[in-house]
Amino acid sequence: MLQEEMPSHAIESEGPSELLKGLTEPQRQAVLATEGPLLVLAGAGSGKTRVITRRIAYLIHQGIAPWSILAVTFTNKAAAEMRERVHGILGHDPQSTRGLTVTTFHSLCARLLRRYAEAAGLKPEFSIYDSSDQAALAKKIIAELQLSTSNWPPRSVLSAISSAKNELLDADEYAAQAVDFYSRTVAKIYAGYQRALKLAGAVDFDDLLVLTAKMLKSNEQVRAECNERWRYLLIDEYQDTNHAQFVIASLIAGRNEEGRPPNICVVGDPDQAIYGWRGADISNILEFEKSYPGTKVITLGENFRSTAPILKAADTLIRNNIKRKHKDLFTTRAGGERVEVTLARDENHEAALVVDWMKSVKDERENSPSPVAWREMAIFYRTNSLSRVIEDALRGAAIPYTIARGTAFYEREEVKNAIAYLRVVANPSDGVSLARIVNTPTRGIGSTTFGKIEDAAAQQGRATLEVMRDSSVLTQVAGRGAAAVGKFVQMIDDWTGGGTFMGAQVPTGLSDLVSRIIRESGLEAMYRAQAKASGSDADLERLDNLDELVSSARQFEMEFDAMADPAAASEDGLARPSDQTPPLLAMLRAYLESIALVADADAVDPAQGAVTLMTLHAAKGLEFKAVAIIGLEEGQLPHSRARESQDQLEEERRLCFVGITRAMRRLLMTSSRYRTMRGIPERTIPSRFLEELPKDAVLISDQADMLGGLDDFIERGEGGSQGPRYEAEGEFAARDSKRASLAWSGGSRTPRNAPFPVGATVRHPQFGEGEVINITGGANARATIRFRGVGTKTLVLEYARLTRVK
DNA sequence: TTGCGATCCCTTTTT
DNA sequence: GGGATCGCAA
């Protein structure tokens with residue numbers, strides 16, 4: 001849930017006095033200071049979101065055209081909620097916010113780049129590569145440069161490239177300042193990587209910012225159009241913007257034109273800067289006044305969210321940061337429960353304690369005027385890997401939960417495959433996606449054949465799919481595989497109408513296209529065969545996920561408003577007459593873009609009535625009545641990788657601060673004496689942040705000494721895979737046996753077309769007689785056979801000359 | 001050509 | 001504990 005609940009019906013489109021109702025004096029000033037540069041230093045829980053939404057509503061109320069307002073938020077979810085709330089404040093006339101742009105930096109850039117593709121040196125169908133696509137491409141480049149991927153791990157090279165991009169250094173500029181061997185090599189990879197992206201008609205996340213900044217800088221007309229359109233600029237979470245974002249914001253704001261300073265309002269809190277590792281530059285906010293002389297500065301310090309003890313804990317903790325501009329955090333409300341700090345024996349115990357705590361919080365409020373429901377509770381952790389144990393405990397206790405991992409669905413193998421098909425359809429140059437699907441499901445275009453085609457493409461500097469169409473190259477290179485390649489190309493052409501997206505055979509709707517591709521590509525059949533063979537729930541789920549993707553496309557189709565798509569729309573929100581893009585293609589591009597830019601926090605949906613699990617990073621900007629933060633141990637929070645420097649340590653402390661300040665009423669912080677890392681229980685040290693909390697606002701409870709020492713347990717050598725079980729023993733046991741029986745019945749099911757059943761005795765010319773213990777179906781059906789004296793082997797039925805004996 | 005299984009390595013946060 | 005990688009078998 002986003003900060004604060006404002007009863008939106010309280011304010012209809014009446015006079016400005018209604019819009020200012022209930023605001024404190026500093027909040028009021030922040031709403032009213034519409035002209036010129038404004039810096040709002042908003043402490044945690046100080047009503048920041050309320051100020052931003054009222055400010056936008058106020059601007060519109062003052063007669064400013066909605067389409068001349070641009071608000072930039074951190075996640076799509078925050079943008080959607082903000083739009084909705086502005087709408088709510090202004091009454092429900094859809095015209096009242098027509099053309100208002102509320103979006104994220106990355107979405108804004110993606111749309112500007114699509115709209116002004118030519119000026120940016122791109123094609124409007126460009127693909128947006130996520131980190132796994134990036135890694136695949138980088139790997140290829142590293143191999144091409146005859147470097148070893150063990151000396152040059154793609155991901156760390158990519159992070160160096162990413163840092164360079166955040167500083168707006170292109171490959172040449174990076175090379176020019178590279179002095180040592182490492183950075184010279186990275187420079188070479190960087191150059192190759194960019195060349196490959198260009199050839200694939202693709203950009204990575206950072207390029208969205210870099211190319212937009214470059215375009216705005218160099219293309220006067222584009223810049224002028226943006227300046228013309230957006231007269232009022234508002235940026236949230238400004239403390240987490242990087243240099244590229246700073247440049248984009250400055251260029252869109254325009255500088256001192258006609259002697260007037262730009263109307264740029266930035267809102268943020270230096271104490272909540274948690275993205276330094278990703279290139280966020282805290283000096284953007286600290287030096288905003290220098291960048292914009294005449295800036296009005298407003299500080300919001302009064303906290304309306306948390307109880308006094310929670311606020312005191314946060315304030316006392318953050319005072320330990322030395323590099324900090326102090327800002328008072330205060331509340332006028334008294335009372336409230338103390339912050340609970342609990343020490344657990346190990347992660348299972350910790351999870352059990354958290355579950356107990358949440359149950360008790362829920363019960364104690366059940367009969368009070370405002371009970372705490374599951375959806376008003378959250379559990380935060382520093383690293384994603386900590387979620388597993390908590391999930392198990394919640395499932396065991398039958399508490400509903402959701403994990404804020406917006407990208408999780410799109411990272412599933414089957415979904416990624418389907419999307420890769422869509423990307424190739426939208427952008428035939430997309431080599432990474434092509435490589436992913438060309439032989440998925442298998443269609444006889446193996447790595448040898450495809451490798452030769454790729455080499456030929458690289459040599460000729462052409463897109464791979466283009467080479468696959470070239471019969472003269474193909475026959476030389478592919479030989480036997482040529483027919484399979486031809487069939488593949490024909491399949492793509494059928495979907496796209498030969499690239500025109502016209503004709504009777506081409507589906508008219510996006511969801512029709514998606515479902516047709518899933519069917520005709522053979523993906524559906526492939527996963528159906530897998531599910532049939534294994535009988536496992538996981539494989540059946542893949543089919544459900546593909547259906548889910550079709551549904552999401554249908555959903556998008558219904559909500560997509562071609563008129564409002566900034567890629568096509570002009571200043572006043574009307575479609576550009578010159579745009580000749582077929583509607584299906586335009587929608588497909590927008591759909592793929594929306595998929596590429598989902599954030600983890602976008603998945604936070606309190607309507608589901610479930611406890612929300614997320615990383616501390618994803619928690620930014622949210623609030624919950626009850627919050628548990630787990631894993632307060634040295635090495636975890638602060639993280640071991642962040643202990644090298646004072647700056648990193650302070651960022652970890654801010655991260656902890658962000659977590660604490662999300663809590664409205666109740667806060668639990670846990671630390672575990674032992675934590676299992678890669679299967680080995682390790683002794684931990686409680687986080688220094690716990691010691692930094694004010695003693696009088698905290699209630700410490702050491703649960704780690706109960707039930708005898710864990711040290712004994714470890715020494716007895718029982719601390720292996722299972723670990724001790726606390727509570728909910730019955731549920732765990734019941735679940736395990738259910739899973740076991742499912743696996744058993746699924747595993748021994750005999751596929752319908754198998755020549756003999758599980759349990760049969762067969763003879764193999766080499767291995768002799770054996771018993772069939774499992775059969776998997778599908779295109780390459782295979783049997784697992786236990787041979788006497790030889791052992792268990794899995795053989796492909798088509799090749800293994802098996803005869804049935806019994 | 002294909003896919004499984006053993007083995008090795010790593011181990012933060014995300015648009 | 002999990003993911004990528006390489007070698008083996010047909």
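Values below: all heavy atoms of this structure, side chains included; hydrogens, waters and symmetry mates excluded. In what follows, every chain begins at residue 1, and chains take the letters A, B, ... in the order their sequences are listed. Please read these numbers as outputs of a predicted model, since none were measured by experiment.
- Pairing each heavy atom of A:His106 with each of A:Gln245, the nearest pair is CE1-NE2, 4.2 Å.
- Nucleic acid contact class of A:Asp206 (heavy atoms, under 4.0 Å, all strands): none.
- Within the 4.5 Å cutoff, side-chain heavy atoms of A:Tyr674 are placed close to those of A:Arg683.
- To the nearest whole angstrom, the two P atoms, one in B:dT13 and one in C:dA4, are 15 Å apart.
- Rounded to an integer number of Å, the gap from OH of A:Tyr410 to C1' of B:dT14 is 17 Å.
- In this structure, CD1 of A:Ile445 is placed 14 Å from C1' of B:dT2, rounded to the nearest angstrom.
- With 3.5 Å as the limit, one finds a donor-acceptor pair spanning the side chains of A:Glu650 and A:Gln646.
- B:dT15 atom P lies 13 Å from atom CG of A:Leu208, rounded to whole Å.
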- Encode nucleotides 6-13 of chain B as B, S and - characters from 5' to 3', where the letter depends on protein heavy atoms closer than 4.0 Å: B to the base, S only to sugar-phosphate, - to neither. -----BBB
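- When the C1' atom of C:dG1 is taken as reference, atom CG of A:Asp392 falls 13 Å away, rounded to whole Å.
- With sequence neighbours excluded, the residues forming a side chain to side chain donor-acceptor pair (under 3.5 Å) with A:Glu411 are A:Thr407, listed by chain and number.
- Residues passing the salt bridge (Lys or Arg N to Asp or Glu O under 4.0 Å) test with A:Asp130 are A:Lys416, sequence neighbours excluded.
- In this structure, A:Glu593 pairs ionically with A:Arg114, as a charged nitrogen and a carboxylate oxygen lie closer than 4.0 Å.
- Heavy atoms of A:Ser107 sit nowhere under 4.0 angstrom from any nucleic acid atom.
- We find the CD1-CD1 distance between A:Ile274 and A:Ile282 to be 11.0 Å, quoted to the nearest 0.5 Å.
- With rounding to whole Å, A:Gln134 atom CD is found 15 Å from B:dT14 atom P.
- Applying the salt bridge (Lys or Arg N to Asp or Glu O under 4.0 Å) test to A:Arg688 and every residue at least two apart in sequence or in another chain returns A:Glu634.
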N/O to N/O distances under 3.5 Å, protein versus nucleotides 2-4 of chain C:
from  : atom 1 : to       : atom 2 : distance (Å)
C:dG2 : OP1    : A:Arg388 : NH1    : 2.4

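- Distance NZ (A:Lys165) to C1' (B:dT15): 13 Å, rounded to an integer number of Å.
- Spacing between atom CZ of A:Phe205 and atom C1' of B:dT15 amounts to 5 Å, rounded to whole angstrom units.
- Nearest-nucleotide mapping onto DNA chain B: of A:Leu209 and A:Gly446, the residue sitting toward the 5' end is A:Gly446.
- Taking 4.0 angstrom as the limit, A:Thr75 places none of its side-chain polar atoms (N or O) nearer than this to OP1 or OP2 of B:dT15.
- Residues satisfying the side chain to side chain contact (heavy atoms under 4.5 Å, CB included) test with A:Thr103, not counting sequence neighbours, are A:Leu70, A:Thr101, A:Ser107, A:Leu108.
- Here B:dT14 presents its P atom at 16 Å from CG of A:Asn166, a figure rounded to the nearest Å.
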